[in-house]
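To keep things clear, I will list the structure first and then write my remarks on it.
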Amino acid sequence: MKKHILILLLLVNIFAWAQTKITPTEQFIITGKIKTELKFTLADINSYPVVPIKNVILTNHLGEVKGNIQNIKGIALKPLLEKIEFLAEKPKELSEFYLTFVASDGYKVVYSWNEIFNSETGNNLFIITEKDGKKLTDLDDRILTITTTDFKTGRRYVKALDKIIVGRVE
Ligand SMILES: Nc1nc2c(c(=O)[nH]1)N[C@H]1C(S)=C(S)[C@@H](COP(=O)(O)O)O[C@H]1N2
Ligand SMILES: [Mo]
């Protein structure tokens with residue numbers, strides 16, 4: 001009987017763990033208010049030039065330190081986002097557009113067009129391709145993005161990026 005209870009407890013634990021684990025992604029698509037949908041696989045991502053990324057202290061919304069992200073490498077996300085053809089008639093309309101990063105667990109993070117293409121933030125937005133000696137294909141958090149200049153870096157540390165949805169304000 002005791003044995004059965006132990007096995008049951010073990011199963012309950014495994015189930016709870018499986019539920020909290022975020023499923024890594026193998027590709028992400030860019031969709032929404034754009035001319036043609038785009039898709040980037042791990043191989044596509046790996047074809048971009050790798051740059052070293054400065055050490056980042058990961059802080060949550062309270063400013064509490066959640067970790068120190070050291071010795072990471074990545075690729076700049078902007079060249080990928082520059083392939084987007086926004087459904088805008090005039091250039092000034094681009095200021096109405098925003099990009100929602102959606103993770104496999106439903107976590108969502110918003111960037112405005114201006115933040116990415118008209119501010120320093122866009123130059124500090126990366127896909128992490130190497131962390132703790134692990135390459136992109138072995139990273140548990142893949143596809144992982146970070147904005148190194150954010151004040152609270154945890155919020156836009158998007159694990160398991162699944163898609164980017166381009167929207168336009170109503
Ligand atoms: N996919 C996904 N990414 C996420 C989150 C999430 O819930 N889902 N939470 C974010 C928040 S609010 C924080 S503070 C950090 C926490 O990172 P850690 O779990 O590695 O400490 O992850 C960020 N990335
Ligand atoms: Mo957070």
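What you see below is based on every heavy atom in this structure, not just the backbone, and it leaves out hydrogens, waters and symmetry mates. Small disclaimer: the values here were computed from a predicted structure and weren't measured. Numbering of ligands and ligand atoms starts at 1, following listing order.
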Per the under 4.0 Å non-hydrogen criterion, ligand 1 touches Ile22, Leu58, Asn60, Lys66, Ala103, Asp105, Tyr107, Gly154, Tyr157, Lys159
In short, Ile30 meets Phe40 closest at the heavy-atom pair CD1-CE1, 3.8 Å
Pair Lys134 + Asp140: basic N to acidic O under 4.0 Å | yes
Assess, by modelled atom type and distance only, whether the side chains of Thr147 and Tyr111 contain a donor and an acceptor separated by less than 3.5 Å.
yes
**Message:** Would the distance check show the side chain of Asp150 and the main-chain N or O of Lys152 forming a donor-acceptor pair, the cut-off being under 3.5 Å?
**Reply:** no
Exercise for the section: Would you kindly say whether Asn114 and Ser95 are connected by a side-chain donor-acceptor distance under 3.5 Å? Expected result: yes
Take atom NZ in Lys73; do more than 12 heavy atoms of anything else shown fall under 6.0 Å from it?
no
